[in-house]
Structures are given as C-alpha cells and as structure tokens.
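Computed from a predicted structure; not experimentally measured. Order of the sequence lines fixes the chain letters, A, B, ..., with proteins taken first and strands second; residue numbering starts at 1 for each chain.
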2 protein chains.
Amino acid sequence: MEKETTIYDIAKRLGVSPTTVSRALNDHPAVNKNTKQKIYEKATQMGYRSNMFASNLRKQRTNTIGLIVPRLNSPFQSSAIAGMEKVANEAGYNLIISQSLENVQKEIANANTMFNSRVDGLLVSLAYNTESLDHFEPFINKAIPVIFYDRVAEHKSCTNILIDNIQAAYKATSHLIEQGCKNIVHISGNLNRNVYSDRLKGYKYALIDNDLPFEDSFVITNTLSEEAGIEAAQQILAMDSKPDGIFVSNDTCAVSCMKTLKQAGMSIPKDIAVVGFNNDPLTRVIEPNLTTIDYPGYEMGEVAARSLIHFLNGLSDVTITNTITLRSDLIIRDSSLKSKLS
Amino acid sequence: MEKETTIYDIAKRLGVSPTTVSRALNDHPAVNKNTKQKIYEKATQMGYRSNMFASNLRKQRTNTIGLIVPRLNSPFQSSAIAGMEKVANEAGYNLIISQSLENVQKEIANANTMFNSRVDGLLVSLAYNTESLDHFEPFINKAIPVIFYDRVAEHKSCTNILIDNIQAAYKATSHLIEQGCKNIVHISGNLNRNVYSDRLKGYKYALIDNDLPFEDSFVITNTLSEEAGIEAAQQILAMDSKPDGIFVSNDTCAVSCMKTLKQAGMSIPKDIAVVGFNNDPLTRVIEPNLTTIDYPGYEMGEVAARSLIHFLNGLSDVTITNTITLRSDLIIRDSSLKSKLS
DNA sequence: CCCACATTTGCAACCGATTGCAGAAACTTT
DNA sequence: AAAGTTTCTGCAATCGGTTGCAAATGTGGG
C-alpha cells in the first residue's frame, strides 16, 4: 500500500515551498503561471489528492450538507433526495443522509450526529411527531443554516420550502364539488404537521366557499399508510350516510382506500369520487387512475439544496428568506370524473 | 457566535494536560476513574464536541461510508439505502451518497469524489453501461473495501451481494410453464449487467428443462423503463404468433406493458400471463395483481452495510468473501394464474 | 524505609493544508 | 542608476486531536 503524496512531497521535488504548492493548487492569483503549471503537472504525475481533513481543519468548513428525512423509501422523498444530490454534487458538496423513521428521538440523535460532523448546513423534513425544534438550536446558535422542506415548522431563523398546501387542497376539494359531490370525506394525517393541517384548511375553505357544511365526523385522521387506507375505507363503508367524494392527503392511503372500496362493490367515481395527493407512480396504475396533486419532489429537492448553498456562499440570508413556495397542480384523472360518465 | 471549546480549554480549566482529556474522552483505560468523571462533566458543561477533522486527520480514518447508486428514486434502491442507513448509523458511520444516473462518466466522477473524501469503504450498485472497473482501482490499491450489490461485477478483490438471479428467473419461467404457457417472451435489460444476463439464463434454462424451444426473437432487450414497457407491448401485439406468457426483468416495465396490452384488449392472464421482478408496491395495485419475484431491498442494504463494517473492523476479509447470496421468492398473484380461471 | 511494580499523567512530535506578513526578485519610472 | 512598484515566494504559526515514550505518583512486600 503506497503512501499518500502531500504538498510537502511535491514541494520538495520541485524545490519550492509547500506554501507555493498550496497556493498553486488553489489557483491563487499570486503564483506565477509557469510555476503553477509545473506544480499542476507534478501533482497529477505523483497522484496527489488533497487531504480534506487537513483542509477542513484549517478552513473550518466541511463542504458537507446534512439531510434528515423521515423515511428514505418513499417516492416523494427519494425524488427530493435525487434532486438535492444533483445540485449538491454539482456545487462540490457532499450529502450525508440519515432517516428519523418518523421518530423524534431518532431525529434528535441524527441532528446531534450532523452537528458533530460539522455539516455546513442542514436540510430537514420533520418526523411525524416532532413538536419542539430545540434540537436544531445548536445549529442556529452557530449560524449554520437550517432549511425545512415539505414537513416544515415555523422558526424565526429557518427557511421553509413548501407548496401552498391550502391552495392545493382547496383546488382538489373544489374539483370534487364541481363534479357534483356534496358529502366529501377528508382523510388526513397528524394535524400537528403543517402539511396535513393546511390541507385540512384548504378542504374546509372550499366547502365553506361553496356553501357546503363542514362536519368533524367527515374528517378521518390516521397515519396515511397503506393499512390506514384500508381501515378508513371500512369506516366509510360503515357510515350511515355514505359520502360521494373523498379527498385523501396522500396517494398511498388513497390507493389502498380505493382498492378496499372497490372490493366492497363501490364504483369509482360513480358512487364515490377520489382525489389523492403527491402524484406517486401508483396513481397511474390504479384503476381508475387517481386524480391527485402534482407535488414536485425532485424540484423541491433541487430548490432546497440550491437555497442552502446560496446561504453558504453568503448570497442570501436564511434569517430573512422565510418561505419559498413552489407551484403545484391538480392532475385530473378518471377517479374523480363523474361528469364524464353522463 | 460563541467559539468552540477544545480539549485544551477543558484541560486548562481542570489543570490537567490535553493528553489526559483526549484519553478520558476516548475512554482510554489508563486514565483514573475520578479524573475521567471530572473531565466528562466539564466537557458536557462546556458544550464540548469533538472536532472530527482533527481526529480524522490524525487517525487517517473517516468513519464514513460512500455509496454510489444508479438512481436514488427507485423503490428498490431507496429501500436498500434505508437499510444501509440504519446499519451504518447504528455502527456510528456516516453515509455519503451519490447517484450515477446510469452513466459511467458520472459514476467515475463520483468514485473520484468518494476517493478524495477518503471514505473508509464503498458500496456500489453499477450504472447501466459500466463495463470497466478501473475507476475502483484506487480503492483496491489502498485496501479500501469495495462491495457491489445488486448490479455487480466480478473483481478479485471485491465482494458481491446479490440474489440468485438465475434461480429466481428459472422459478418465474417455470411457474409460467406450469400455468400452461408455451410461448413465453422475456423482456430484459442490458445484457452486460449481471442481473439481466442471469435472468435471461434462468429463463432459457427453464425453457430447455421443459423441452420448450428457446428463440432469440422472443427476447426483447430494452431499458426496462415505463416507456420501454409500452413499446415492448406494441412489439408483442405486432407479433405473428402471439405469446401466451411474458416474463419481465422488472416491475415498472412489466406494469406499463400490462397496461398497454389491456388497453389493446388483451386479457390477463387469460390471453397472456405476466410475471415481473422486484415486488415493487406497484405490483399490488395493477389489476390483476402482478406475480413477481420478491427482491429484498431493505435486507440487501442491511447486509451490504453490515458486511462492509465487518471488513472495516477487520472481522473478515473482502478479498476472501467473494459472494453473498440472499434468498428471494416467487410471489404468485393473479397476473399469472391461468389455472385459477378454469 | 527501600525497592519492585502497577497505575496515571504529561511532553512533544505528529497528521497536512492554509494564510498573514515580510522579504526577494523583477520590472518601471525618472 | 537609484527609487518606487509590482509580482512572487517562503517563513512560521495555526487548526484540534492523537500517541509513543518517559516520568511521576501510588501500592505493596520485605
């Protein structure tokens, strides 16, 4: 196993000082072009690679971005991560990733690890049951930028990146109403999480604006998992007055709910129209195809990473930029098109 | 912004040497229990956190594992990553991730970045068109363990982690034959990649063992993407003698192919039985549900990370362990059950 | 009380790159 | 040719832990 070449080795070979080698390799203007050229060549020839630790130690910077997500294996999150990786990689940053598995305790542990790894900045999508943001205080105190995306929370020193969930849910619900639905059930997640409470709001506002009554009993709150969808369907089937429309806060749950309703003999959209949220690949496979909200995961990842890197380069200030809202759209498919039936 | 506390600060406050502080914090046996206790308390009180760069610089170790995948946003890969993250995290390793986007050039660039980041070990699932493994030589030369999983390649100093693709494909094809299929098409990916060439072999062997003819014209090679599935379906529809069974090398492609065939009026499994590969969530949504091979992504991720960490701890040797094979199973669903129809 | 031995502690030299400041060298200007 | 600029180069300190070796302290036996 050969040993590493350092700038000292290069310096010795060329009879210059390590200082000059360091400067040359960083393309410092105060180094003669010819010297630079010679150093470059020698470095390549000797198979030199910079020792990031020495460099980081000195520069107090890591060129690393930390990422904490609830789960890595969801279509939305993995798209977002793909987008982040692309941007980070192009900008010369490494991405270190950890998952909270929807558990605050693990999220706290992960945040500490990230802090100790001295990430330059942090991207976070909060766990299902996170309430306090205390575990991010160490970052704030050290002026390490923290950006929340999707599952966000208000904090005076952090930027949030999200879509207008209220508006999206409003559009989804209005669409159901336009299709003639009068009794619309909403299946939602933990209402402490912005995404779900906002979607509930959008649902509610749409009802009110269309002079339809809002009833608590028409809101089902669960974990939005596949199993939860089945249970929700059973609840709906057991209702005295059956709804004619359902707006679900995510696609996984919407799809399993639809499947269960179909198995029970309900016809979709004739008996019940369904709208989901996220535009997961599933939505184009279930029959009828699921109307949903297009949630731009990849783009959100790109924007999040790009914003963070901007902050790191001092091009803008986290504490000032409060919220970045991305566009989202209603994608209408057959699961909600009652009008097409006639 | 307060400045970091170092072991020197702690040492000064307690009137001991930095050496002792360093040892105490690393739980070195040669430090008095009382002293240790005092140092722990002071460190906590002063909000000390170890500077990994200084430590890495000295120890020549990073506690970081590199991961290169073709794409982050596939159900299989994201499950695998989830498994790796769990294991790595528990063992105190960071995971840095990059994607090749199925492009050798990017894979090479990523490998270089990982090398320069001085990862302690590398986990790789190869890009679609990677042929040479030269870009991993630097790792091998420095005795940095490299483990390939899923998309693997033979290399005398690397471990491969995979399922028995030949056997799985053999099972899948045999199942179709048992269901009465006589003309089975196989849709495959790039045959330079082990996974696809092995599955082709399994398909071929199953035909031969059942005295069915193997015909080149019944093997369709494409990118296995959603679009490719549609095109493959069109090719099949245009065939003079239509097949009565299809074995597809992944689920995404199988599902879109099925959809297209159904739209064209084919009945599944009556006219054509279909078997996929991977057990993506999609398979339980398409109608009829898709028979497929259960490919344990999460477990594969765990095994890969665990093996790597074993190597790093010197508990075993990469150059000796050649291949780790995981169990996989055929999951029979309605898309292939012709026998049930009668 | 002295010596052998075990237990603790500290000195000082690393690890490899970066950077403020000073000084040398080369080039202009008068 | 002397003085003033500009361009390059290098010294030496620094970032914060780690570790081989030596020294200090403590313990117990004789």
* Asked: Closer than 4.0 Å, any side-chain N/O of A:Ser17 to the OP1 or OP2 of D:dG10?
  -> yes
* Between A:Asn116 (CG) and D:dG16 (C1'), how many Å, whole number? -> 14 Å
* What do you reckon, is NZ of B:Lys106 surrounded by more than 12 foreign heavy atoms closer than 6.0 Å? -> yes
* On a plain distance test, is the side chain of A:Thr35 in donor-acceptor contact with the base of D:dT9 below 3.5 Å? -> no
* Asked: The side chain of A:Ala54 lies closest to which of these nucleotides: D:dG20, C:dC14, C:dA17?
  -> C:dA17
* Distance-only polar pair, side chains of A:Ser22 and A:Thr19, donor-acceptor under 3.5 Å -> no
* Hey, is CZ on A:Arg49 packed in by over 12 heavy atoms from elsewhere, all under 6.0 Å? -> yes
* Asked: How would you label the contact of B:Tyr8 with the nucleic acid (heavy atoms, under 4.0 Å): base, sugar-phosphate, or nothing?
  -> base
* **Distance, rounded to the nearest Å, where B:Lys33 contributes NZ and C:dT9 contributes P** => 12 Å
* Asked: Do B:Lys86 and B:Glu302 meet the salt-bridge criterion of a basic N to acidic O distance under 4.0 Å?
  -> yes
* Would you kindly give the CG-to-C1' distance between B:Asn56 and D:dT18, to the nearest whole Å? => 12 Å
* Asked: Rounded to whole angstrom units, what separation is found between the CG atom of B:Asn63 and the C1' atom of D:dG17?
  -> 14 Å
* Look at the side chain of A:Asn32 and decide which nucleotide, out of D:dA13, D:dG16, D:dT9, has an atom nearest to it. => D:dT9
* Among the nucleotides C:dG10, D:dT19, D:dG17, which one has an atom lying closest to any side-chain atom of B:Lys59? -> D:dT19
* C:dT18 phosphate, OP1 or OP2, under 4.0 Å from A:Ser22 side-chain N/O -> yes
* Any B:Gln60 side-chain nitrogen or oxygen under 4.0 Å from OP1 or OP2 of D:dT18 -> no
* Asked: Between B:Asp150 and B:Tyr295, do the side chains contain an N or O donor and an N or O acceptor separated by less than 3.5 Å?
  -> yes
* Asked: Taking CZ from B:Phe53 and C1' from D:dG17, how many angstroms apart are they, rounded to a whole number?
  -> 13 Å
* To do: Taking only the side-chain heavy atoms of A:Arg23 (C-beta and beyond), determine which of C:dG16, D:dG10, D:dC8 contains the nearest atom.
  => D:dG10
* Asked: For the pair made of CD in B:Glu4 and P in D:dC15, what is the distance, rounded to whole Å?
  -> 13 Å
* Side chain of A:Thr19 (C-beta onward), nearest among C:dA17, D:dT9, D:dG10 -> D:dG10
* Taking CG from A:Leu14 and P from D:dC8, how many angstroms apart are they, rounded to a whole number? -> 17 Å
* **Exercise: do A:Glu137 and A:His155 side chains pair donor with acceptor under 3.5 Å** => yes
* Asked: Considering only D:dG16, D:dG10, C:dT18, which nucleotide approaches the side chain of A:Val16 most closely?
  -> D:dG10
* Structure fact -> A:Arg58 CZ to C:dA17 P, in whole Å, measures 13 Å
* When you get a sec, tell me which of C:dT18, C:dG10, D:dT18 is the closest nucleotide to the side chain of B:Thr20? => C:dG10
* Contact class for A:Asn26 (heavy atom, under 4.0 Å): base, sugar-phosphate, or nothing? -> sugar-phosphate
